[in-house]
Structures are given as C-alpha cells and as structure tokens.
*Asks:* 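My questions will all concern the structure given below.
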Amino acid sequence: CINEEHRALAFYGLRALALDQFHKISELLSTIPTQSRPILAMITGDVKSEKREQILKSEPHILGVTPELIHFQLKQAWKSAHWANFYQRLRYVLLDEAHTLSGSYGANMSWLIRRIKLAVDHYGGDSKKLQFIFLSATCGNPKQLALKISGLKPTKLNPKPLIWIRKSGAASPSRQIIITQPSYNLTGDTARIIQFLLNQGKSGIAFCNSRRSVRELTELLKSNQVAAFYSGITSERRAEVVDQLQSGTLKWIIATEALEAGIDLPELECCILRGWPGSKMAYQQRSGRAGRSQSGLTVLLPNALNPIDCYVAEHPEMLVSPEAEEVFFNDEYPIFAAKHLMCAAAETGIPTNKIKHYFGTAAYEVAKLLLAQGHLNKGRNGLWAKGYPHKDVNFRGGLSQTTIKLVDAESGEELEEISEDIAHREVHPQAIYKRQDANGRMLTYQCISLDLNSKQAILKQTADSPLFTIAVTESETSSLTVLTDPVKLPLLFSQVSKVDDCQEYLTLELSFGEVKHITSGYSLMTQIYEQTCLNKRCLNYKESLPKKHRCPLCSKLTRKAVIVKTLSEEKFEQPFRTQFSAPMVKLAINSSAREYLQHNALETRTNLTRSGEPIPPGYQQLWEYSSTLIAIHSFGHQIMRALQLVARVDPKQVNFTVVKELGESNNYTGYFYDTSDGGNGAAEAVFKHLPKLASAAKAIARDCNCDTGCAKCLIQHGCPDGNTALLKQMGLLLLDAIATPDV
C-alpha cells in the first residue's frame, strides 16, 4: 500500500469487531517508523458525515468499514473527491469473518462487491486488479464462498485465482469443555457458575440468546465487575466496556451475538453459554472468544425446556467434531438483482454494454424489465435511476430497518437504539425496561410513550423493583398475490396406489404474501429469587418456600431460583404491528388425505393403549393435537432439514408455520415463507424442488435412530409454533407418499 500508493478496504460485520481490529492494527502499525507508516482509518455508522470527510482527507491507506457504510456511501461518492480518489486507488478488499455471509447477508454482500468493481472503474481505477482476502475459522466451504462473493473465475491468464491458506501458525491453547445437565433454572444456574469463577479470580464472557436474558443475568449478579453488551448500547458504552476489560476493572461481559464474531479479547479465560445458540457455527464462534492466549474453559448450560438443548446435552460429541458448517446464499434471486441494479444506476450509472460484465447474465433480463417498468432510465452513458433506492435494501435480511431511539424523559439523553420490531415488544407504553449505566448499576425505567413517527421512546427512571413486563405478540401469515397455478402432487399412501386414480393430494401454491407480528398487549409480572422446589412433579414446583431446606410435600432439597408470577394483563387500544412481504408456499392436503391421516393416528393410539403400558414419550401428541396439524407441521420441519442438501439454501432464510382453516376442525394449512422483506429465494426453492426435498428429508429422518423425532431430524430452532404438535412418524407418512417425478 505504501510503495504503490494502493488502498485497502477492510469489511467487518460488526461495529464492535471493527473497533477491536482498529486497536489491534494500530498497535501493529506503531512498530513501523513514522515516515513510512501506512495511515489507518475506521468508519462505521457511529461516525458522523462531516467527520467521514475529514478522515478521507487524510488519505488513509487502510480503511476499515461495515458493509452497510459502503452500501450507503457509494451513493455519495460522486460528491467527494476524497472518496473518488480512494476508489481509484483501491487494490485490496478484505472480508473478515466470512462464515457470517449466509442467506440475505451473503447475497447482498456479493452484489455490493459488484457495485464496488463498477465504482473502481468509474473513478479511474482497475477492478481487474482487485485482490480479495477472506478470513474465517469456521467455514465448511471456504473456496466456494470466496469465489462466489468475489465473482472471480479461472481465466487463461489466471487459471487458479484462489489461494487457500488452511493452516494457522498461531499457538492454540488447550480448552476444557463442560456440558451441564439441562437446567430448569437457567438464569440462576448461570449466575452461580459465573459468581464461582469470579470468586476464583477468573475473567470471562457469558452469552445469552436474547437481550432480556442479558439484562436479567447482569441484574442478578449485581457486580460492578460485570457489564452487559448488546447491539442497542451506544458506541461510547461499547468502547468503555472493552477499555474497562483491558484495564482489569471489569472481569465479565454478559453479551448477545453482538460479541460473537471475531472480536479478540485475550483477557478472557472462560466462556459460559446460557443455552444452545442454535448452530454449531455460532457455538464455535462464542466458545472461541475466551482462552485465546492461555488455556480456556467453555461451559454450556442447556435449557431443559428446549428440545434442541436437550439433544446437544445427550450428544456432546457434536461439539468437538471437526466438520464446519457450509455457507449458502442465492445471489441470483431477482429481488437482489433488481434492488442492487437500482442502487448502481443511482450511484455511477451502468454502461449498457457492461451489464453482463459487472452483474452477470441473469441481471441483464432484470435490467430490461426494470427499464420497461420505468424504474430505470436510459441515457447516452447508460442506465441511470433517480431517488435513493439504497433504503430499500435490508442488508442483513430480517424484518425492519427502522430504528427507535430510547430517550431519557428528564435529561433528554439518548440511552440506546433498537430496531422497531424489538421496540414493540420492549418499550411499548408502560413497559418496564432495564439497562446498565456507566458505573455498572442496573437502572429501571418505565416507557411513557412510543412515537413511531418521531422514532422515539421516552423512558422515565423509576425506583428499582422486581416488576417487569412481557409483551403479548402473535404472528399472522396471509397470501396476497398468487404467482402460480396450484400444483397437485398425488399422495400414494398405499403401495398398490397408482398416480392416475389416486384420490389423495397435496397441493402447493406459490404466492407473494404478508407476515405480520402483532403486539396486542402485555403482562405485568413480578419475580423473586428465593428457595423453591424444582421437582416438576411436585405441587410446590416454583412456589416460594422461604427458609425451607426441604420441600414439605416431596421432601426434595430446595434451591434458590427465580419465581415468576403474573400480576395483571393489559390490552392496547391500537396494537403495534411489524409486517413484511415475501414469497411463500402454501401447502394443503385434501379431505381424503386428512381422513387417511386421522385413521392412521387413531390406529396408532389404539395400538399404544392396547398393551396397558404407559404411553411412550412423544406419542402423547396424538391425544393433544389434530392428526393433520401434526402431519403437516412435522412434514414442514423435515423438509427444512433437507434444504441445505438439495437446494443449497440456508435454513435460517425460511420459516414454516401452520394455520387452522375456518370450517372443519381437522383442516390445517402450512406456509413456508422467506424470513426477509422482499424475499431471498428460499420459499421458491421449496416450490421447485419439493419431491426431491421429500426424498432427502425421508432419508434424514430414517437414518436418525431416535423414535419420535429429535433436534437432528425434526426440532427446529426458532419454530414460530414453539416446536409443539410434532411427531416424526406422522411427517414420514407424507414424505413417503409424495410421488417423485419418475413414478
């Protein structure tokens, strides 16, 4: 960079990671003599526009950014000679923590790289000379991912455009892994372990799967040596936490996934996971935050109420197996193409004869359609667009890009910033909200008002109390515009059935629909941390038993645990709604198929009760839920298990829910839907490949040695229906019956 006056652009997915790397690289560069030292700069969303120009004016050789920063900044580059100069000299593009580039995030990143190449050439550089550098410790398909994101292909001049460095010369300290028994008192047990390690002088990080859990755990510990860390806290507070940890005044961080990827904190010796994080990749990343410079300890506390956690507790070998998860995304999905073509046309314009060169063959047809619809305009220098299409790109997928500022009612100080969908659940009117101040104290606030127009929630500090609120939120799925004719797939329940005269059908319909999350009210709760009975079969379970060492009813030893009680329930006059539109696949079975499933369920129930033995675990579902509900719900989960194998789709990019239809009591419909606004191609993959998916899902289910379904073959992390009404055998009835194309 120094010798050739080249520039380097380093992408970091999280602001905390960007800040951490800025300090690390600065320390490295400080060893280089001043006269030949490259200039380093870091720009994230926390840096104001005026300061960005000052930073670029210093002509940094290495610029660290978040992807969203460049996504929006490309629109402004033509106004700034400094940005134009940077792109003209750009030679190196680094992407840290490349394994996070899955689903919508990966697809948007690949399109952003194409726009950067266009900008480099537009401002006088040479995009053909760009050198891409990808970094990841937990990616199962690194070569495929690097080539897909960079868009590089073998040529005669460069037949091997990729160099894969897969061995690290760094020392790898030993690590001890402990998995506890699944806990019914997860927050209390996690707090006890942290307090024990804190008393031993050990430092560490504890990961929780929600912001609420972070705050509850931090409050329970009541220590100024413990700090909460999540995405909503201010940039000043984030920097403060890291500084206090490095200085030794802070010993433990309680965090969400905001500290999961890449941040290097060699001071940390231990990592506690309050519950399974949802994937092996997330586990590896969280576990890797501690024990980096010396021997480390990882403790996983599974949640006894979560089937996936219980499965992990029973199969600890999966934590140390060497296979890393693969990363998938569909960058050819037309929605991504349309949005980024609009952005590129508004930034630099797109030379008409270079559409395929920069954006690929599929983009050419999308550009023609946008031109015909009047979204793109054609001029002498190519295609151009008005307005600010960048705001329509939700870079990470998800529900909403709108953020709400939390403001102190008395001082007017901005306390935190959260997304709108989280605000509906956590800072609705009268909501009780807790946060940690700079001195480590947990403060209690009550929301006075939530104004979605001004994007502010006004919070007033109140006296500390055990009260808290939980929002009542429901989801609704509805089809708006049908995109295809219904497709009927015969269900061959009998081995002698023929496709031609089959009376049972499964119907698929692809549509563009709407998913709504409606917060209609809240419950006012209280909690106390007191001696109680944790025997789930006892009438005193989670009842207050102060000063009792044994339960008076079951004689089991009592333990301290969080006891929760509902005080009141309130409804809003006007519910809060978060909604997004996306492709979805409607799945229904006809009345003949429902009758067959009902008959099969009745027969199974009869066989189970005939012996007089207790009903085996898992089969109780047949008495509690409709046979159609169980079959469709299980089938949907099993299909999602096969998405990675058949369609190369990230399962986190699609969800499945079951809706009861009006009329018959046994009539239910399933919906596969993309989890990001506008879509990502996952639901369409289900529609196109369902018979193949069914074949693969059947193999996965039958290869699993469980009886009624487990986290390996049936249970899904984040199921909107709470993983209820699931039975492996009922799903297999539909999987077995689907007629594959060669029948």
Side-chain angles (χ1 to χ4, degrees), residues 11 43 45 49 52 65-80 83-84 87 103-123 127 149 151 329-352 354-360 362-403 419-420 455 481 512 514 579-583 674-681:
F11 284 105
I43 303 179
S49 299
R52 294 177 191 174
V65 294
T66 51
E68 289 87 345
L69 187 282
I70 294 298
H71 165 66
F72 289 108
Q73 196 65 41
L74 276 170
K75 177 71 167 73
Q76 311 299 326
W78 67 274
K79 297 180 182 178
S80 167
W83 275 107
Y87 286 119
S104 296
Y105 185 24
N108 283 318
M109 193 73 216
S110 69
W111 278 94
L112 179 61
I113 294 297
R114 297 171 205 184
R115 286 161 50 201
I116 288 173
K117 289 180 179 179
L118 176 58
V120 166
D121 292 339
H122 179 81
Y123 293 112
S127 65
I149 294 282
F329 58 82
N330 182 6
D331 57 321
E332 295 183 1
Y333 188 57
I335 294 293
F336 294 124
K339 289 183 177 182
H340 286 275
L341 285 171
M342 290 292 295
C343 290
E347 292 160 0
T348 58
I350 306 172
T352 310
K354 291 288 186 74
I355 295 175
K356 293 181 183 178
H357 171 74
Y358 287 110
F359 301 109
Y364 186 77
E365 296 301 321
V366 176
K368 283 203 310 185
L369 185 61
L370 291 172
L371 195 60
Q373 293 173 341
H375 298 299
L376 284 178
N377 304 289
K378 193 172 183 180
R380 280 188 310 173
N381 298 321
L383 303 178
W384 58 276
K386 294 179 179 179
Y388 197 50
H390 300 64
K391 68 181 184 303
D392 297 325
V393 178
N394 194 340
F395 214 85
R396 315 274 174 139
L399 307 183
S400 171
Q401 296 189 87
T402 305
T403 58
S419 64
E420 184 179 22
K455 298 179 175 54
T481 306
F512 202 74
E514 194 169 62
Q579 59 192 53
F580 67 97
S581 301
D674 292 355
T675 54
S676 50
D677 190 21
N680 51 53

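When a residue number appears, it is its place in the shown sequence, counting from 1.
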*Asks:* Is Arg114 positioned over the aromatic face of Tyr358, cation under 6.0 angstrom from the ring centre and no more than 45 degrees off axis?
*Replies:* no
*Asks:* Side chains of Glu365 and Pro334: does their closest heavy-atom pair fall under 4.5 Å?
*Replies:* no
*Asks:* Quick one: pull up NZ in Lys354 and CG in Leu383 and give me the separation to the nearest 0.5 Å.
*Replies:* 13.5 Å
*Asks:* What heavy-atom pair brings Gly397 and Ser676 nearest, and what distance separates the two atoms?
*Replies:* CA-CB, 3.6 Å
*Asks:* Are the side chain of Asn330 and the backbone N or O of Gly681 linked by a donor-acceptor pair below 3.5 Å?
*Replies:* no
*Asks:* With under 30° as parallel and over 60° as perpendicular, where do the rings of Tyr388 and His390 fit, or are they tilted in between?
*Replies:* parallel
*Asks:* Going through the checks in order, is the side-chain contact (heavy atoms from CB on, under 4.5 Å) test met by Cys343 and Lys75?
*Replies:* CA-CA 8 Å; Cys343 290; Lys75 177 71 167 73; over 6 Å; no
*Asks:* Check whether more than 12 heavy atoms from other residues, nucleotides or ligands sit under 6.0 Å from atom CD of Glu514, and answer yes or no.
*Replies:* yes
*Asks:* What's the separation between atom CG in Leu371 and atom CG in Leu341, rounded to the nearest 0.5 Å?
*Replies:* 11.5 Å
*Asks:* Is Glu420 salt-bridged to Lys455, going by a charged N under 4.0 Å from an acidic O?
*Replies:* no
*Asks:* Within the supplied structure, the quantity of interest is the number of heavy atoms (other residues, nucleotides, ligands) at a distance under 6.0 Å from Phe72 CZ; does it exceed 12?
*Replies:* yes
*Asks:* When you measure from the side chain of Lys339 to the backbone of Asp392, do you find a donor-acceptor pair of N or O atoms at a distance under 3.5 Å?
*Replies:* yes
*Asks:* Indicate yes or no for a side-chain donor-acceptor contact from Asn680 to the backbone of Ser104 under 3.5 Å, with no hydrogens or angles considered.
*Replies:* no
*Asks:* Determine, step by step, whether Asn108 and His340 satisfy the side chain to side chain donor-acceptor pair (under 3.5 Å) criterion, reporting the C-alpha distance in whole Å, the side-chain angles of both residues, the deciding distance to 0.1 Å, and the verdict.
*Replies:* CA-CA 8 Å; Asn108 283 318; His340 286 275; 2.8 Å; yes
*Asks:* For residues Asn377 and Ala385, report the shortest heavy-atom separation together with the two atoms involved.
*Replies:* ND2-CA, 4.3 Å
*Asks:* If I compare all heavy atoms of Ala344 with all of Phe359, which pair ends up nearest, and what's the gap?
*Replies:* CB-CZ, 3.7 Å
*Asks:* Applying salt bridge (charged side-chain N to carboxylate O under 4.0 Å, His left out), can you list everything that pairs with Asp121, at least two apart in sequence or on another chain?
*Replies:* none
*Asks:* Listed by chain and number, what are the salt bridge (charged side-chain N to carboxylate O under 4.0 Å, His left out) partners of Arg52, not counting sequence neighbours?
*Replies:* none
*Asks:* Without swapping roles, check the side chain of Ser80 against the backbone of Ala77 for a donor-acceptor pair under 3.5 Å.
*Replies:* no
*Asks:* Working to the nearest 0.5 angstrom, can you tell me the gap between Leu74 CG and His122 NE2?
*Replies:* 11.0 Å
*Asks:* How far does OH of Tyr364 sit from CG of Leu369, to the nearest 0.5 angstrom?
*Replies:* 13.0 Å
*Asks:* Step by step, work out the side-chain contact (heavy atoms from CB on, under 4.5 Å) result for Leu112 and Phe395.
*Replies:* CA-CA 10 Å; Leu112 179 61; Phe395 214 85; 3.8 Å; yes
*Asks:* Kindly give the heavy-atom pair with the smallest separation between Ala367 and Leu376, and that separation in Å.
*Replies:* O-CD1, 3.9 Å
*Asks:* Hey, mind stepping through Ile149 and Trp111 against side-chain contact (heavy atoms from CB on, under 4.5 Å) and telling me if it holds?
*Replies:* CA-CA 8 Å; Ile149 294 282; Trp111 278 94; over 6 Å; no
*Asks:* Show the nearest heavy-atom pair for residues Leu69 and Ile43, with the distance to one decimal.
*Replies:* CG-O, 3.7 Å
*Asks:* Using ring centroids (six-membered ring only for Trp), state whether Trp83 and Tyr123 fall under 6.0 Å.
*Replies:* no
*Asks:* Once you round to the nearest 0.5 Å, how far does CD of Glu347 lie from CH2 of Trp384?
*Replies:* 15.5 Å
*Asks:* Tell me, with the steps shown, if Tyr333 and Asp674 meet side-chain contact (heavy atoms from CB on, under 4.5 Å).
*Replies:* CA-CA 12 Å; Tyr333 188 57; Asp674 292 355; 4.3 Å; yes
*Asks:* Show the nearest heavy-atom pair for residues Ile116 and Phe11, with the distance to one decimal.
*Replies:* CD1-CZ, 3.7 Å
*Asks:* Rounded at 0.5 Å granularity, tell me how far CG in Asn381 sits from OG1 in Thr348.
*Replies:* 11.0 Å
